[in-house]
> 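Would you mind keeping the following structure in view while I ask a few things?
Counting starts at 1 for both ligands and their atoms, in listed order.
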Amino acid sequence: MTITVARTREELAAERAKLNGRVAVVMTMGALHAGHIELVRRAREVAAKVIVTIFLNPLQFGANEDLDKYPSRLAADLALCEAEGVDLVFAPTNDVVYPDGPPGVRVVAGVLGDRLEGEHRPGHFDGVLTVVAKLLHLTAPDVALFGEKDAQQLALIRRMVHDLDFPVEIVSVPTIREESGLALSSRNTYLSESDLAAARSLNRALRAGAGAAYGGVASALAAASAVLDAEPGVAVDYLALVDDATWEPATENTHIGRLLVAARVGTTRLIDNVSVVFVSSGERTTSAPDVG
Ligand code: AMP
């Protein structure tokens, strides 16, 4: 294998210094799938050089979450990165990222960090933003790419970069899905056949909700809810429709919303979201819904 892999800060600094031109970073927790690869391909389009980070960040996992069983397959990940022409992989261990143990000083995600995912995973987004901040400092990219799959994370990273003046451009990448609509996720490897069937109802529900948006916010939520209620294998943590610009609950004034779901299927927790376009009430009788 000829791909360049940095395991330490020193190796990263030496290899980063060799990368000329515009540099993109794609941050991952490993167990790479076609969703991650899409980020890498977009990165190649927007930059001359691409860095991929592979780091399972303990700071963003709660005590009862799946940190210990999270899939890890570094050799396969490196082969995928090599096939995609990635210029540099940074795959540090915990003690490289956190040499003094869990950091005392962290990024605070703020109010949005306590809602939705944050309500069910307290401290999660502080952990995410802290490692994203560190990896941005260490890799010093011009542009960083994140998936819409983790829409709240993406929104918070944009806010951090804005509020704390990080000199980096953030590019978002649409969610890659299997044919049924199920969003690709490293956690899908936990799913049994029957889990998979239940998991597919998540995106079905979101599409039903988006398709009912011509009737307004309540109709969209009701349509999505009806699909989830009909699926006994799914335990919903939340189903929410927010204004895409503010992340406040969508109202009749919302034009572009985001319909979000988090649910447990067996022992696996999954999230997904879609864009929802509302037509104004004057247009409602004539326009077909534009569903993202
Ligand atoms: P993860 O390894 O799950 O932390 O994800 C690393 C990056 O890949 C994040 O920016 C995710 O939003 C993105 N990502 C994960 N799954 C998908 C997917 N199915 N489609 C597009 N991007 C994804």
> Name the orientation class of the two ring planes belonging to Y98 and F55 (parallel below 30°, tilted from 30 to 60°, perpendicular beyond 60°).
tilted
> Are Y70 and E65 close enough that a side-chain donor and a side-chain acceptor fall under 3.5 Å?
no
> Would you say I176 has any N or O atom under 3.5 Å from an N or O of ligand 1, going by distance alone?
yes
> Please report the C-alpha distance between V217 and E252 in whole Å, then the side-chain angles of each, then the deciding distance to 0.1 Å, and finally whether the side chain to side chain contact (heavy atoms under 4.5 Å, CB included) criterion is met.
CA-CA 7 Å; V217 172; E252 59 190 19; over 6 Å; no
> Answer side chain, backbone, both or neither: which part of M27 comes under 4.0 Å from ligand 1, heavy atoms only.
backbone
> Output the list of atoms in ligand 1 that are nearer than 4.0 Å to some heavy atom of F146, sorted by atom number.
10 (O)
> With a cut-off of 4.0 Å, which atoms of ligand 1 are near a heavy atom of D150?
11 (C), 12 (O)
> Measure from the side-chain N and O atoms of D77 to the backbone N and O of A31, and report whether any donor-acceptor pair falls under 3.5 Å.
yes
> Does L182 form a side chain to side chain contact (heavy atoms under 4.5 Å, CB included) with N188? I'd like the steps, not just the answer.
CA-CA 9 Å; L182 177 68; N188 290 356; 3.7 Å; yes
> Heavy atoms only: which of V173, L39, I37 lies closest to atom 22 (N) of ligand 1?
L39
> Go through ligand 1 atom by atom and flag the ones less than 4.0 Å from a non-hydrogen atom of L184.
16 (N), 17 (C), 18 (C), 19 (N)
> Report yes or no: does a heavy atom of H36 sit under 4.0 Å from some atom of ligand 1?
yes
> Verify side chain to side chain contact (heavy atoms under 4.5 Å, CB included) between R106 and L59, making sure each step is shown before the conclusion.
CA-CA 10 Å; R106 302 181 187 201; L59 220 57; 3.5 Å; yes
> Within ligand 1, which atoms have a heavy atom of P174 less than 4.0 Å away?
21 (C)
> Hey, does H33 sit under 4.0 Å from ligand 1 if you only count heavy atoms?
yes
> Provide, to 0.1 Å, the distance between atom 4 (O) of ligand 1 and the closest protein heavy atom, together with that atom's residue and name.
M29 CG, 3.5 Å
> Do the side chain of R187 and the main chain of D66 share a donor and acceptor less than 3.5 angstrom apart?
no
> Could you tell me whether some N/O pair between A183 and ligand 1 is separated by less than 3.5 angstrom?
no
> Nearest protein heavy-atom contact for atom 23 (C) of ligand 1: which residue, which atom, what distance?
K149 CB, 4.0 Å
> Hey, which of E119, H120, E117, R115 is the one that makes side-chain hydrogen bond (donor to acceptor under 3.5 Å, both in side chains) with Y238?
E117
> Within the 4.0 Å heavy-atom shell around T28, which atoms of ligand 1 are there?
2 (O), 6 (C)
> Is there a polar contact between ligand 1 and G147, counting only N or O atoms under 3.5 Å apart?
yes
> Say whether W247 and M160 are linked into one hydrophobic cluster, either directly or through other cluster members, by side-chain heavy-atom distances under 4.5 angstrom.
yes
